[in-house]
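The block underneath contains the structure these notes are about, expressed in structure tokens.
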4 protein chains.
Amino acid sequence: MEKMSTEKRSEILDAAIKLFSEKGFERTTVDEIASKANVGKGTIYLYFENKEHIFLTIIEEGMSQLRRFFQQMSKEENFLSLLRELIFSYLKFAEDNREIYRLFLKERLAMRLFDEDTLGRRFMEMHHELHQFMTEFMQRGMDEGALRPADPGYLGMALNGIISHTVFYWLFTNEQQPLTGLTDALYRLFLTGAANDFNLNISGGVRDVS
Amino acid sequence: MEKMSTEKRSEILDAAIKLFSEKGFERTTVDEIASKANVGKGTIYLYFENKEHIFLTIIEEGMSQLRRFFQQMSKEENFLSLLRELIFSYLKFAEDNREIYRLFLKERLAMRLFDEDTLGRRFMEMHHELHQFMTEFMQRGMDEGALRPADPGYLGMALNGIISHTVFYWLFTNEQQPLTGLTDALYRLFLTGAANDFNLNISGGVRDVS
Amino acid sequence: MEKMSTEKRSEILDAAIKLFSEKGFERTTVDEIASKANVGKGTIYLYFENKEHIFLTIIEEGMSQLRRFFQQMSKEENFLSLLRELIFSYLKFAEDNREIYRLFLKERLAMRLFDEDTLGRRFMEMHHELHQFMTEFMQRGMDEGALRPADPGYLGMALNGIISHTVFYWLFTNEQQPLTGLTDALYRLFLTGAANDFNLNISGGVRDVS
Amino acid sequence: MEKMSTEKRSEILDAAIKLFSEKGFERTTVDEIASKANVGKGTIYLYFENKEHIFLTIIEEGMSQLRRFFQQMSKEENFLSLLRELIFSYLKFAEDNREIYRLFLKERLAMRLFDEDTLGRRFMEMHHELHQFMTEFMQRGMDEGALRPADPGYLGMALNGIISHTVFYWLFTNEQQPLTGLTDALYRLFLTGAANDFNLNISGGVRDVS
DNA sequence: GATGAATGAGCTTTCATTCAT
DNA sequence: CATGAATGAAAGCTCATTCAT
């Protein structure tokens, strides 16, 4: 009858993910989490140091899951294949972890300047890690000659922006179609842009990011 | 006499913008705003109904400023010129209103599911308005043949994503170079993508968003 | 154009009487008084030390008016005539000063244990004075043989109770008939009771207050 | 377990009764209640929705106690016996519930015009209920021929006034003698009045309340 | 004298955290 | 292990009072 402790832990996490992603970290009370997880309020403090650590745990576990996704991308392939896989993995992650991803989006910026406390610092580190990964990936694309020379930081951000805003739109229009179905569209958009072919010469005069 | 009250009002707003954009709405206390604005706590309630209305005022004033930016774009020009102008205006706004823009980014998602209260509703309306504008703009681009056929909602989001993440990167790396200097780079990226020209035929098989 | 200071003073008092009697002392704000009196908030502090003193002034002025009413009762007459006059004066006062009387009723007990501050002490003194007057009057009635021997304090209270509750009923049923029209009824009730005559012998066994 | 919570609840109520009856509802702070009840401030909000509900609870519980007192009066007896019992019950209640009764007296009028909120409305309903009871009782006395014809509303008020002012006097002179010892005196006073017998013909000319 | 903008002490209420059971 | 009653620090907000104009 008694649930195993691991079960309780993940019930707490599930409840917290839902509530945090719906109402935000601040507006969610520990009482609500306990009640949604069908657990006593005190029990939460057996599994987590405090409310912030519940949040941190969610983020860390989500992050390592995302990391695993990325690491599964085989190393030998050429850049363009990897890029498509990256986009696919990203979308797949968001599709499989709607709530966690929504949580990522929502709290992404809310933590800045809390560099003193552990929570804010870890959260920032994670974002930095993601950005680092993107930047290096873009650099590799340029090195391989697949991408035009440009600031890889901005380019990584731009890809990140395209993908995450697409997910954002998908999340809040609650599209039923699978998010991963957009992989190729985003892949093509990032590589070749939105313009019709005959426009390409028109924009010929545009300079690269210096 | 009248002057003084306007002064206090904007001092309060300035302090609130800074604090909200740094720490978020929830984590900022009225005491902090008062203290940063060099104003008594009670004074704040002379100028604003409550804490939420300070936030609302900031957002609304910022929004109408952004709206004015967009409206200044001349109506007669062709789509591509307007697109460049749109990107420029967006970047200019973010450059001129760093704090407000940061606030926009930070609280964008934190308000969802608070559709009941005025604050959340107004905030959502504004985002919707912005998105609506983007979508219609993309539709026009397609109608004029400047853009490849695609879901204009996703396309608007993608442009929005490219720009806002670029601003994000700029904001938190605190680049000294003017943000508007990135106009052409983003313009080109959105239209022609990141790929080197010789890759274009490689990605030929990619299908459009259906 | 400028009102004479005495006028302002009484406008403030009038506004305060209305508000205090409607909402009670605590629930009435100085802002409300100022606004109802068409006077600046600061002006109130030119005429009164603080909010409590407005209240005190109202009570004191009402009290001295009541005192004057009582003093007008001619001294030579016999007790029973004076009693009728007392009841009449009391009712007349309440009729002419509805609001002030309501204020009396409302705040009568709210002040106890505030013996330290001036306001509570003065208020209590006034009640004591009224009670003292009643007690002495009852004593005189007994001395003259008009009243049965009894504790004059209780008897004074009883008369006070009969009258004030009658006024209470009248105030809140908003009777249009003049309150003073009840003089004789109360006079008779106090002297001969509510019983039908044939009941008198039934209650013969009742002992007096010892 | 259950016992403890009931204990805390009544400790809070006891503290609140004392403080409200001494200082009034408005002037009593939640901190004071908590401190007098030897309870944390937050604990109060475990047992009561807010400060108003503490008050409301006290009044309702007191009222239902008073109601029970009245209901214990046997129904078969004649009016005069019941009248004596009513007076006795009233005095007994006040004697046994000094503080609650004092609270009744103090806040009786302070709530008027707050008919909108629950607190004021409930309080007014209770007073109305008591008055209704008195009025019907007086009517019955007249129907049975025990009382002289008169407006039963005023008559009920008068009896109420006699009793409550007597309790008032007793409360604030802190008499040690039992309040119920005054039953017969009040009974006689209400029925036969305060006059010496030989005065009765003098007051013969007095008209009844029409 | 007259004003009302400015103030901050003090209020009610919330909620993360503790700890006895 | 599990609980939820108990707590008090901290929040948003009110309003009597002051004072520069």
Side-chain angles (χ1 to χ4, degrees), chain A residues 2-5 8 26-35 38-54, chain B residues 1-9 12 26-35 37-54, chain C residues 2-5 8-9 26-35 38-54, chain D residues 1-2 4-9 12 26-35 37-54:
Chain A
E2 276 300 306
K3 281 164 189 155
M4 292 187 54
S5 60
K8 293 229 185 221
E26 311 280 356
R27 276 192 253 247
T28 299
T29 70
V30 175
D31 266 286
E32 285 170 315
I33 298 173
S35 144
N38 289 317
V39 154
K41 203 197 319 194
T43 308
I44 288 180
Y45 287 86
L46 290 178
Y47 292 97
F48 301 94
E49 206 172 315
N50 54 34
K51 190 184 160 191
E52 289 209 339
H53 274 73
I54 303 175
Chain B
M1 189 155 283
E2 254 306 296
K3 207 175 182 181
M4 197 165 190
S5 71
T6 322
E7 242 173 70
K8 293 245 179 219
R9 201 189 111 104
I12 292 167
E26 311 277 1
R27 272 189 259 253
T28 301
T29 71
V30 176
D31 268 287
E32 284 170 318
I33 298 172
S35 141
N38 288 317
V39 152
K41 200 195 325 191
T43 308
I44 288 180
Y45 289 88
L46 287 179
Y47 293 97
F48 301 94
E49 210 171 310
N50 53 36
K51 192 184 159 191
E52 288 209 342
H53 274 73
I54 303 176
Chain C
E2 276 299 306
K3 282 165 190 155
M4 293 187 55
S5 59
K8 292 231 184 218
R9 200 188 111 105
E26 310 280 358
R27 277 192 253 247
T28 300
T29 70
V30 175
D31 266 286
E32 284 171 316
I33 298 172
S35 143
N38 290 316
V39 155
K41 203 197 320 195
T43 308
I44 288 180
Y45 288 85
L46 291 178
Y47 292 97
F48 301 93
E49 207 172 314
N50 53 34
K51 190 184 161 192
E52 289 209 341
H53 274 73
I54 303 175
Chain D
M1 187 156 284
E2 255 305 296
M4 198 163 190
S5 71
T6 324
E7 240 173 71
K8 291 245 182 222
R9 201 187 111 104
I12 292 168
E26 312 276 1
R27 271 190 261 251
T28 300
T29 70
V30 175
D31 268 288
E32 285 170 317
I33 298 173
S35 138
N38 289 317
V39 152
K41 204 194 320 193
T43 307
I44 288 179
Y45 289 87
L46 287 180
Y47 292 98
F48 301 94
E49 209 171 310
N50 54 35
K51 191 183 159 193
E52 286 210 342
H53 273 73
I54 304 175

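Hydrogens, waters and symmetry mates play no part in the numbers below; they use all other heavy atoms, side chains included. In the text below, chain A, chain B and the rest are named by the order of the sequence lines, each starting its count at 1. It should be emphasised that the depicted structure is a prediction, and the values quoted were computed from it without experimental measurement.
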*Could you pull out all residues at least two apart from A:S35 that satisfy side-chain contact (heavy atoms from CB on, under 4.5 Å)?*
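Listed in chain order: nothing, the list is empty.
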*Output the distance between atom CD1 (C:I54) and atom CZ (C:R9), rounded to the nearest 0.5 Å.*
10.5 Å
Expressed as a whole number of angstroms, how long is the span from [X]:[atom1] to [N]:[atom2]?
{"X": "B:I12", "N": "E:dT7", "atom1": "CD1", "atom2": "P", "value": "9 Å"}
{"X": "C:K8", "N": "E:dG1", "atom1": "NZ", "atom2": "P", "value": "11 Å"}
{"X": "B:E32", "N": "F:dA10", "atom1": "CD", "atom2": "C1'", "value": "11 Å"}
{"X": "B:L46", "N": "F:dG12", "atom1": "CG", "atom2": "C1'", "value": "15 Å"}
{"X": "D:I33", "N": "E:dC11", "atom1": "CD1", "atom2": "P", "value": "12 Å"}
{"X": "C:I44", "N": "E:dG4", "atom1": "CD1", "atom2": "C1'", "value": "12 Å"}
{"X": "A:F48", "N": "F:dA2", "atom1": "CZ", "atom2": "C1'", "value": "15 Å"}

*Could you pull out all residues at least two apart from D:K51 that satisfy salt bridge (charged side-chain N to carboxylate O under 4.0 Å, His left out)?*
none
*Taking C:K8 as the fixed residue, which of C:I44, C:T43, C:N38 is the one that meets the side chain to side chain contact (heavy atoms under 4.5 Å, CB included) rule?*
C:T43
*Letter per nucleotide, 5' to 3', of nucleotides 13-20 of chain E [B base touched, S only sugar-phosphate touched, - untouched; heavy atoms, 4.0 Å]*: BBSSBB--
*Could you tell me which non-hydrogen atom of D:I12 sits nearest to which non-hydrogen atom of D:A37, and how far apart they are?*
CA-CB, 3.9 Å
*If you take all heavy atoms of B:I33 and B:T28, which pair is closest and at what distance?*
CG1-CG2, 3.8 Å
*List for me each residue that meets side chain to side chain donor-acceptor pair (under 3.5 Å) alongside C:E32, sequence neighbours excluded, and say none if there are none.*
C:K23, C:T29
_Residues which pass side chain to side chain donor-acceptor pair (under 3.5 Å) with C:N50, listed by chain and number, not counting sequence neighbours_ =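 Counting only residues at least two positions away or on another chain, C:N50 forms a side chain to side chain donor-acceptor pair (under 3.5 Å) with C:H53.
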*When you get a sec, tell me which of E:dT7, E:dT3, F:dT3 is the closest nucleotide to the side chain of A:V39?*
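From the listed options, F:dT3 comes nearest.
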*Stems where DNA chain E pairs, listed by first number, each of three or more Watson-Crick or G-U pairs under 3.5 Å*: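 If one scans DNA chain E for consecutive Watson-Crick or G-U pairs, the stems found are E:2-21 with F:2-21.
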